[in-house]
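Inspection log for the structure reproduced underneath, given as structure tokens.
Side chains included, hydrogens not; waters and symmetry mates left out as well; all remaining heavy atoms used. This structure is a prediction, so every number in the text was calculated from the model and none was measured. Lettering of chains follows the sequences in order, A, B, ..., and the numbering in each one begins at 1.
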Amino acid sequence: MLTIENLTIGYAGVVILDGLNITIPQGKITALIGPNGCGKSTLLKTISGSLKPTKGKVSLAGQDLSKLSHKTKAQLLSILPQSPITPEGISVRQLVSCGRNPYLSHWGGLSQQDRDEVQAALIETGLCDLADRAVDSLSGGQRQRVWIAMVLAQDTDYILLDEPTTYLDLTYQVELMEMMQKMNRRGKTLVVVLHDLNQACRYCDHLIVMKKGAIIAQDEPHKVFNSQLLKEVFSLNATIMMDPIANKPMCIPL
Amino acid sequence: MNMYLNTRQINGFKALSLCSVGLIGFIISLYGQSDFLLQAGDVWRLISAPDNNDINQQIIFLLRLPRSLVACLIGVNLGIAGALMQGLTRNPLASPTLFAINSGAACLMALNSIGFGVLTHIPSEVATFAGALIGGLLVFLLGGGLQQNANPLRLVLAGIAINGLLTSLTRAALIIADDMAYSMLHWLSGSLSEVDWQSWSQLWPVSLLAFVLALSTCRGLNLTALGEQTASSLGINVTFLRGRVCLTVLLFTSISVTLAGPIVFVGLIAPHLARALFRHNYFLLVPASGLIGGALVCWADLLSRSIVPPAETPVGIVTALIGTPFFIYLVLRGKS
Ligand SMILES: Nc1ncnc2c1ncn2[C@@H]1O[C@H](COP(=O)(O)OP(=O)(O)OP(=O)(O)O)[C@@H](O)[C@H]1O
Ligand SMILES: [Mg+2]
């Protein structure tokens, strides 16, 4: 279980998140939703340890994450940043192989097991045919899949995805959500930033709703997702209905 | 799998060509442009039948060989230092010059030669090396090198500020000690003419240490290319990596500038050519930048002796003459 206690963080002295307490349930898919600029990416960066909190701590199964070595942490928790940087000329397979870094010894190269994991991640994301292409020659959606494959290759129990569906067409969005569910069934805990609220309700077990750096609600979708919340967080007038296929709440803006 | 073997063969071929270019330059520089009419045959005889009484062999062994070796190794150092700097800052225009290493070295050397305070009591080489380290460390610390999410731009700004300060101190020292000005200027242009076997014995141990350090940062640099956040989430301690890379660059550059003065542009050009040949993998880029840097300085030194013989043009001027158009080309290409 990933717990966040009294977390305060800011950039250059400006506080963005102030005293957050969050519990992310183990073995579930958690969606992080909220308007642009409310601090979702900042929260994920802090959980992954690339930003140091001014106060508070993030712990995994009772263990303070900031006390772990970078390598150990990278074997437990992976993150797909919102706008990752693609180096010029790197091939798909090379980029996906980077995900195996936490398992390599200091001077060693990829082992056979590492190569197998990379291949599995390529198959899973349907990238086998593109494996030797340069990533910067791919379309935005294909590129996004490469980054997801890298996270898959990292094979961690906790996976943070910052807006993984951007750039993807609807088919791949649905495919990605189903891939997340598949990973979840294999025991992975996922935290996903999503802007499509209906997707969040349909595919995720737990919602965390943020506004201006504060947590407004955190619970199962059918408990927290209502028109009052949408009004408060997104200033949106909407009506809530039950999705007839998945029997989850969905919103229709008025 | 076939594809893979092919790229490997191609890379091998490129590396081999680079080595040949360097080696040819190295051999020619052993006998070329000499008042004593040295010939390639003398080099061969030095290897096959060494003779202590042969004046030509002695010149090659005592003067030419150390000079060529030092030229090459300094080129290797500067090339690798440039590759590391560009990898760390993810900025293709970064070069070791950024670290105020040259101006730090120049400053303490100037202060040492005018007999400033305690500096009179230490040998000028030690003062120069210390100056290089101090200049570099100042930039590193001011540039936020120890902070977690330091902006690479801050490093650049710190470099400009410290460079300015140290350069003006050097100028002041030169004005005070007018009689020293010529030899200082000569050194400031980057010159290999004072180099001997002693320089070599100071150079190689430091370079070897720095090279091992450089190799140990390759994987980290490969991942840093994905952004510091991603590198960190893949298990790289970015702050620690930055410290190690800066230390390595400092060692490479300080020892080089101490022995031969600032030889400019090598640290900028070599990694660029290396990247054009070997793309983004630092395990290849680091040795390749070294090879290219070595060949470059070797050939530049040869040229420096051929422009207006028997006088020598400082090698730093030659590299600047080659480097400036290249730099302008880079900037223009970056714009379009
Ligand atoms: N590097 C930075 N330096 C200073 N302020 C920043 C930085 N990154 C983000 N911020 C600020 O922090 C706040 C939260 O940003 P964050 O990126 O976490 O938002 P977000 O919820 O992910 O938004 P989006 O949905 O647009 O991705 C914003 O007000 C933003 O301007
Ligand atoms: Mg964001």
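Residues of residues 78-93 of chain A lying under 4.5 angstrom from chain B, judged on non-hydrogen atoms, are A:I79, A:P81, A:I85, A:P87, A:E88, A:G89, A:I90 in numerical order.
You'll find the side chain of B:L234 reaches within 4.5 Å of the side chain of A:M150, heavy atoms only. The shortest distance between side-chain heavy atoms of B:R219 and A:L104 falls below 4.5 Å.
Put simply, the side chain of B:Q229 never gets that close to the backbone of A:L51: no donor and acceptor are under 3.5 Å apart.
The CG atom of B:N237 sits 9.0 Å away from atom OG of A:S69, with the distance rounded to the nearest 0.5 Å. Summarising the geometry, atom OG belonging to B:S233 is positioned 13.0 Å from atom CD1 belonging to A:I47; distances are rounded to the nearest 0.5 Å. To the nearest 0.5 Å, atom CG of residue A:L95 and atom CG of residue B:L223 are 9.5 Å apart.
Annotation: salt bridge (Lys or Arg N to Asp or Glu O under 4.0 Å) contacts involving residues 2-28 of chain A, sequence neighbours excluded, are absent. Applying the salt bridge (Lys or Arg N to Asp or Glu O under 4.0 Å) rule to pairs touching residues 137-160 of chain A yields A:D155-A:K188, sequence neighbours excluded.
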N/O donor-acceptor pairs under 3.5 Å from side chains in residues 121-130 of chain A, not counting sequence neighbours:
from, atom 1, to, atom 2, distance (Å)
A:E124, OE2, A:R186, NH2, 3.1
A:T125, OG1, A:A121, O, 2.7
A:T125, OG1, A:L122, O, 3.3

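If you tally non-hydrogen atom pairs under 4.5 Å between each of B:G227, B:C218, B:S216 and chain A, the highest count goes to B:S216.
The environment of B:F240 atom CZ is sparse: at most 12 non-hydrogen atoms of other residues, nucleotides or ligands sit within 6.0 angstrom. Environment of OH in A:Y11: crowded, with over 12 heavy atoms of neighbouring residues, nucleotides or ligands closer than 6.0 Å.
Using a 4.5 Å cut-off between heavy atoms, A:Q94 contacts chain B through its side chain alone, with no backbone atom that close. Of the atoms belonging to B:L226, heavy atoms from both backbone and side chain fall under 4.5 Å from chain A.
For the pair B:S232 and A:S50, the tightest heavy-atom approach, listed with the atom from each and the gap, is OG-CB, 3.9 Å. Minimum interatomic distance between A:H70 and B:I236 (heavy atoms only, all atoms of both residues): CD2-O, 3.3 Å.
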